[in-house]
Structure formats: C-alpha cells, structure tokens
Amino acid sequence: MENSHFSRLNQYRSMWVLVFFDLPTETRVERKAATRFRKQLIDDGFGMFQFSIYSRFCASRENAAVHIKRTKNNLPKKGKVAVMQITDKQFGMIELFHGKKEVEPETPDQQLELF
C-alpha cells in the first residue's frame with residue numbers, strides 16, 4: 001500500500017515541460033535562428049512531440065524550472081514561443097491519435113539524478 005501511495009505522489013511531482021513555437025523561416029537568417037532554437041531544445045533533452053511542439057520529462061518541479069529557464073535564455077528574437085508544464089498524471093491523460101487509431105502516450109525512461 002505504501003508503494004502505491006509513493007507512485008501516486010510521484011505522478012504529481014514529476015513534470016512534463018512542453019515548448020510550443022511558431023518561428024519565421026522566410027529568410028536565411030530566420031531559418032538559421034529557428035534551427036538553432038530547435039537544436040538547443042534537443043541538446044537539452046527535449047524530443048519532438050509534433051512539428052512545433054517539443055516535450056521533456058522532468059523528475060521534479062525544480063528540475064523543470066531549470067529547463068524552462070534554459071529555454072527562456074535561448075529564445076529567438078522573432079516568433080512566438082510558449083512554455084507549459086504539466087504533471088506526469090495530466091500528461092498521462094492525453095488522448096493521442098494517428099489517423100483514427102488511438103496510441104499510448106510516451107512513457108519516460110527511468111532517469112537518474114546526481115546531486
């Protein structure tokens with residue numbers, strides 16, 4: 001019973017950070033800035049959820065805050081960027097569809113944190 005209580009708390013403590021963006025790509029400079037922003041997200045452990053939505057699992061709110069701050073420090077000069085954080089429990093309630101076929105949301109791998 002104690003173990004299930006810990007798992008339930010963990011689902012509310014662990015977070016998903018989602019970065020939504022719409023960046024201009026009309027000029028070479030704009031394309032380069034958009035590519036740099038996407039690459040920085042990937043280098044920080046984000047994965048593509050959809051074309052302009054990247055997501056990252058974080059073991060805690062504090063860890064999520066670090067990655068949100070890093071994303072804010074890398075914002076391009078032009079375009080729109082939104083950052084949202086939701087609990088693992090909320091993320092688990094997402095309904096995903098490929099065509100008309102429902103698919104299971106991504107399950108994060110076990111992550112070790114060194115202090």
CG (L41) and CZ (R36) are apart, to the nearest 0.5 Å, by 13.0 Å

(Q) With a 4.5 Å cut-off on side-chain heavy atoms, are V103 and F97 touching? (A) no

Flag side-chain contact, heavy atom, 4.5 Å: V81 against L23:
yes

ask   = Under 3.5 Å, is there a donor-acceptor pair between the side chain of R31 and the main chain of E26?
value = yes

* Is any side-chain heavy atom of F20 closer than 4.5 Å to a side-chain heavy atom of K80? -> no

| field | Shared hydrophobic cluster, M48 / I94 (ILVMFWY, side-chain heavy atoms < 4.5 Å) | value | no

Acceptor/donor pairs from residues 84-92 side chains to any protein atom, 3.5 angstrom cut, sequence neighbours excluded:
unit_1, atom_1, unit_2, atom_2, d
T87, OG1, Q90, N, 3.1
T87, OG1, Q90, OE1, 3.3
D88, OD1, W16, NE1, 2.8
Q90, OE1, T87, N, 2.8

Indicate if V19 and V66 have the same hydrophobic cluster label, given that clusters are the connected sets of ILVMFWY residues with side-chain heavy-atom separations under 4.5 angstrom.
no

* Please check if F46 and F49 belong to a single hydrophobic cluster, counting links between Ile, Leu, Val, Met, Phe, Trp and Tyr side chain heavy atoms closer than 4.5 Å. => no

Handout entry: Heavy-atom side-chain contact between F21 and I53 under 4.5 Å
Key = no

Correct closest heavy-atom pair for G79 and P24 would be CA-CD, 3.6 Å

Under-4.0 Å salt bridge between E62 and R13:
yes

Applied to residues 43-54, the side chain to side chain donor-acceptor pair (under 3.5 Å) test, sequence neighbours excluded, yields K39-D43, D44-H67, D44-R70

When every non-hydrogen atom of T25 is compared with those of A34, the smallest separation belongs to CG2-CB, 4.1 Å

Within-4.5 Å side-chain heavy-atom neighbours: F57 and N63: no

d(T71 OG1, L18 CG) to nearest 0.5 Å is 11.0 Å

